[in-house]
Protein chains: 2
Amino acid sequence: MTSNLTVSALIKSKRKQLKITQPQLADKAGVGLRFIREMEQGKTSLRMDKVNQVLLLFGMELGPVLVNRKKLTDEKS
Amino acid sequence: MTSNLTVSALIKSKRKQLKITQPQLADKAGVGLRFIREMEQGKTSLRMDKVNQVLLLFGMELGPVLVNRKKLTDEKS
DNA sequence: TTATTATATACCCGATAGGGTATAAATCAA
DNA sequence: TTGATTTATACCCTATCGGGTATATAATAA
């Protein structure tokens with residue numbers, strides 16, 4: 001199964017795992033606190049380079065992924 | 001093996017597959033021609049929403065992916 | 001070669017991302 | 001409850017993204 005987690009959800013959970021606050025994450029990533037917040041809140045117009053600065057802390061980056069074919073039960077192809 | 005194709009490479013190859021020009025792709029995606037060019041040339045500071053507008057034409061979207069552990073032969077862990 | 005077509009580069013400019021900061025609202029612990 | 005901590009909202013401001021357009025440089029075909 002292809003997970004397809006949103007950036008928003010991923011960052012939030014990863015940050016919680018590390019038990020650090022938004023200001024601390026912003027600091028580590030070298031981005032503004034406001035950016036971390038907009039990211040966790042799912043803003044869609046973020047700049048890729050900034051997002052990658054944060055994702056890289058978790059060994060990840062933005063890449064093209066297949067759109068989630070909704071649940072198998074939802075529709076018949 | 002996790003492909004990890006860049007957005008740039010993916011768009012360029014997908015566009016060629018469809019045998020359409022940059023202006024045509026820009027048109028279909030609803031973005032400017034300049035944007036398509038910057039995208040194919042690997043500009044890193046693109047806005048996610050705009051990139052997704054284009055990727056969606058190919059059934060894809062931006063998502064967090066694991067950073068490529070370089071080739072197995074390149075380095076010893 | 002010369003046309004034709006596709007792609008790249010350069011400019012102007014409006015819109016907005018993102019930084020900073022201040023304040024408000026949650027959340028949690030005592 | 002009250003106080004401390006974390007997160008959310010709102011504002012100002014600069015930098016720049018991205019659209020449009022014009023020009024330049026391939027690239028391909030005749």
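Below, chains carry the letters A, B, ... as their sequence lines are ordered, and counting in each starts from 1. All figures in this text were calculated on a predicted structure; none of them were measured in a lab.
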About how many Å separate CD of Gln41(A) and CD1 of Ile11(A), when rounded to the nearest 0.5 Å?
13.5 Å
What nucleotide among dG19(C), dG18(D), dC17(D) has an atom nearest to a side-chain atom of Lys50(A)?
dG19(C)
For dG18(D), does OP1 or OP2 lie under 4.0 Å from any side-chain N or O of Arg47(A)?
no
Inter-residue atom distance Leu25(A).CG - Leu18(A).CG, 0.5 Å rounding
8.0 Å
Atom CG of Leu18(B) and atom P of dA6(C): how far apart are they, to the nearest Å?
15 Å
Rounded to the nearest angstrom, tell me the gap between atom NZ in Lys43(B) and atom C1' in dA8(C).
14 Å
Would you tell me if any nitrogen or oxygen in the side chain of Ser45(B) comes within less than 4.0 Å of OP1 or OP2 on dC17(D)?
yes
Could you list by number each residue of residues 24-42 of chain B showing a heavy-atom separation from DNA chain D of less than 4.0 Å, or answer none if no residue does?
Val31(B), Gly32(B), Arg34(B), Phe35(B)
Non-hydrogen side-chain atoms of Lys28(A) and Ile20(A) separated by less than 4.5 Å:
yes
Considering the options Met39(B), Lys43(B), Glu40(B), which one meets the side chain to side chain contact (heavy atoms under 4.5 Å, CB included) requirement together with Val7(B)?
Met39(B)
Non-hydrogen side-chain atoms of Met48(A) and Leu62(B) separated by less than 4.5 Å
yes
I need the CG-P distance between Leu46(B) and dG18(C), as an integer number of Å.
12 Å
Comparing Lys16(B) with Asp49(B), nearest DNA chain C nucleotide closer to 5' gives the residue Lys16(B)
Selection from dT7(D), dT7(C), dA17(C) that lies nearest to any side-chain heavy atom of Gln22(B)
dT7(C)
So among Lys12(B), Gln17(B), Lys16(B), which one has a side chain to side chain contact (heavy atoms under 4.5 Å, CB included) with Lys14(B)?
Gln17(B)
